[in-house]
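Model, not experiment: these values are computed from the prediction. Note that ligands are numbered from 1 as they come in the structure, with each ligand's atoms numbered from 1 the same way.
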Amino acid sequence: MTTETVTALEAQHVLQTYKRQPVVFVRGEGTRLFDADGRAYLDFISGIGVAVLGHAHPGLAAVIADQARTLVHTSNLYYHPLQGQLAARLSALSGLQRAFFCNSGTEAVEACLKFARRFWYSQGVTNRTAYVALEHGFSGRTMGALSVTANAHYRDPFGPLIPGVTFVAPDDIAGLEAAVTQSTAALIAEPIQGEGGVRALSPEFAAAIARVTKTTGTLLIADEVQCGLGRTGHSFHYQSFGWTPDLVTVGKAIGSGIPIGAALVGEHVATQIFAGDHGTTYGGNLLSTRAALYVLAQLEALKPHIAEMGTLFEQRLQDLQRQHPVITSVRGAGLMRGLELAVDAQPVVDAALKAGLLVNRTAERVVRMLPPLTVTKTELEEAIGVLDGALASVKVEGSTVEMRA
Ligand SMILES: Cc1ncc(COP(=O)(O)O)c(C=O)c1O
């Protein structure tokens with residue numbers, strides 16, 4: 001199959017909800033992807049923060065193959081040996097007692113939104129149904145998750161969404177204090193806003209969230225789908241704020257490509273949730289939990305490496321900023337990084353692709369990078385070299401960027 005035949009078939013039969021880059025990937029190895037013409041790319045987006053162990057990881061491949069030969073799926077009608085083990089592992093990492101397993105980050109968000117309402121309803125408090133979320137926040141595209149996602153472009157065609165959601169700007173402490181009341185079921189926040197432009201919450205604002213949720217009794221949902229599980233060097237990024245969330249969403253990294261998500265639930269919330277309140281056919285099946293157990297074991301061992309690579313990455317991106325005034329800020333933490341530009345980021349992303357580096361544009365002016373957590377020093381240096389060239393190949397004219405040649 002050629003690039004042309006693949007794209008032509010999709011154009012006819014795949015619903016056109018994605019604006020794909022014109023490249024067909026057929027194989028991966030570590031931080032590299034290979035296209036249909038055999039060309040290699042350095043993958044600094046890793047399936048949007050998913051392939052944390054890199055591509056075609058031999059150990060992960062072996063456990064998936066072994067599990068596939070043994071038993072893949074039985075449903076949640078019965079027990080199997082792995083869900084409890086994975087839940088216990090996530091509990092040790094987060095301090096939250098229980099896990100509900102699902103298949104994606106969005107489903108983890110949906111579960112947390114439901115569990116928050118159920119928490120109040122179970123106690124006879126029927127007027128605490130509202131949510132507070134943050135401007136620039138992204139939590140998914142289903143009706144509930146979309147209702148707490150800020151971007152009007154994603155929301156507007158699908159209204160009315162669930163009522164009672166107030167959005168607060170991530171620096172507006174007074175706005176936060178006004179929005180979170182005795183009617184709020186839960187506040188949901190990403191400790192580092194990924195889609196919103198790799199924006200970390202400021203320590204002051206993070207502290208204000210902890211304070212107002214505590215004083216009003218509002219449940220705190222930390223959306224760790226993108227920034228969690230080692231991405232920033234912490235098991236969960238909320239731990240760097242000293243938060244004790246009531247609910248935590250997990251996705252992306254946990255399966256390193258095998259679809260699985262989880263809602264982590266504090267025991268005080270868990271006691272208010274009962275059999276039949278929520279469910280899913282696939283959630284936590286043997287294949288996905290086996291993969292996740294393997295990934296979590298690897299992540300623990302990778303933490304010192306992530307810390308070292310994260311520091312190096314930040315330094316090199318700051319070097320780039322000194323050389324390219326079009327970079328207005330270097331954002332993020334660990335191996336979750338964004339270069340905010342004074343202009344649209346797409347020409348830089350396109351130039352990087354042409355030079356064999358995969359990064360992506362988010363929030364219009366941000367080049368986002370989420371490399372595998374196994375990325376090496378040599379690969380980081382190579383990516384910085386390509387970005388240097390990509391930034392040099394565009395010139396700033398007013399508020400637009402044009403390719404030079
Ligand atoms: C913070 C956050 N929450 C939720 C989601 C939705 O996850 P998924 O696309 O796996 O359903 C995303 C996806 O990018 C995300 O970044």
Side-chain angles (χ1 to χ4, degrees), residues 17-20 45-52 94 100-116 131-151 153-155 158 161 165 167 170 186-201 206 209 220-232 234 236-238 241 243 245 247-264 280 282-284 288 291-292 295 331-338 359-363 366 368-370:
T17 56
Y18 301 106
K19 216 158 116 189
R20 302 193 203 280
I45 197 66
S46 64
I48 321 186
V50 167
V52 287
S94 67
F100 171 88
F101 292 107
C102 51
N103 312 291
S104 67
T106 304
E107 286 181 50
V109 169
E110 289 290 339
C112 286
L113 295 175
K114 283 183 71 179
F115 296 157
Y131 299 103
V132 173
L134 300 187
E135 285 175 13
H136 311 293
F138 181 89
S139 285
R141 314 284 201 117
T142 55
M143 285 295 185
L146 187 58
S147 300
V148 295
T149 288
N151 192 328
H153 180 70
Y154 298 153
R155 297 167 58 88
F158 303 104
L161 300 175
V165 181
F167 289 95
L187 178 150
I188 182 164
E190 298 160 80
I192 301 181
Q193 297 181 311
E195 296 288 321
V198 196
R199 299 160 180 263
L201 299 185
I209 284 179
L220 173 56
I221 306 170
D223 186 348
E224 291 270 344
V225 168
Q226 194 164 142
C227 65
L229 292 182
R231 173 62 52 195
T232 68
H234 304 275
F236 295 99
H237 196 73
Y238 70 75
F241 298 150
W243 282 1
L247 296 144
V248 174
T249 63
V250 173
K252 293 189 185 280
I254 184 170
S256 195
I258 300 299
I260 174 168
L264 309 186
T280 157
Y282 286 121
S288 64
V295 172
R331 292 177 172 171
L335 291 172
M336 177 175 187
R337 295 288 173 181
V359 292
N360 105 308
R361 165 191 186 259
T362 191
V366 177
R368 177 173 50 170
M369 290 153 286
L370 301 163

Per-residue contact class, Glu195 against ligand 1 - non-hydrogen pairs under 4.0 Å: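 The answer is the side chain.
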By number and element, which atoms of ligand 1 are closer than 4.0 Å to a non-hydrogen atom of [X]?
X      : answer
Gly105 : 6 (C), 7 (O), 8 (P), 10 (O), 11 (O)
Thr106 : 6 (C), 7 (O), 8 (P), 11 (O)
Glu190 : 1 (C)

Starting from atom 3 (N) of ligand 1, which protein heavy atom do you reach first, and at what distance in Å?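 Residue, atom and distance for the closest contact: Asp223 OD2, 2.8 Å.
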So, are Glu190 and Arg199 salt-bridged, with charged N and O less than 4.0 Å apart?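 No, no charged N to carboxylate O under 4.0 Å.
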Could you report the tightest heavy-atom contact between Ala186 and Ile221, atom names first, then the distance?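 Answer, listing the atom of Ala186 first, then Ile221: CB-CD1, 3.8 Å.
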Heavy-atom pair with the smallest gap, counting every atom of Ser147 and Arg155: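 In terms of heavy atoms, the two residues are closest at O-NH1, 3.0 Å.
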Measure the acute angle between the ring planes of His237 and His234, then classify it against the limits of 30° and 60° as parallel, tilted or perpendicular.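 Ring orientation, 0 to 90° scale: perpendicular.
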Does the N or O separation between [X] and ligand 1 drop below 3.5 Å for any pair?
X      : answer
Gly140 : no
Gln226 : yes
Lys252 : yes

Main-chain N/O of Gln193 paired to Gln226 side chain as donor or acceptor, under 3.5 Å: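 Flag not set: sc Gln226 to bb Gln193 has no pair under 3.5 Å.
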Proximity flag Ile48 to ligand 1, non-hydrogen atoms under 4.0 Å: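 Not so, Ile48 does not reach ligand 1.
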State if Ser139 counts as touching ligand 1 under the rule of any non-hydrogen atom under 4.0 Å.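 Ser139 counts as a contact of ligand 1 under the 4.0 Å cut-off.
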Given Val225, Ile188, Val148, identify the one with the heavy atom nearest to atom 15 (C) of ligand 1.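 Among Val225, Ile188, Val148, the closest heavy atom to atom 15 (C) of ligand 1 comes from Val225.
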Are the side chains of Thr232 and Ile192 in contact, using a 4.5 Å heavy-atom criterion?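 Yes, at least one pair of side-chain atoms sits under 4.5 Å.
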Does atom OH of Tyr282 have more than 12 heavy-atom neighbours from other groups under 6.0 Å away?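 Open.
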Taking ring pair (Phe, Tyr, Trp, His ring centres under 6.0 Å) as the test, write out the residues that go with Phe115, two or more places apart.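 Scan of Phe115 (ring pair (Phe, Tyr, Trp, His ring centres under 6.0 Å), adjacent residues dropped) gives Phe100, His278.
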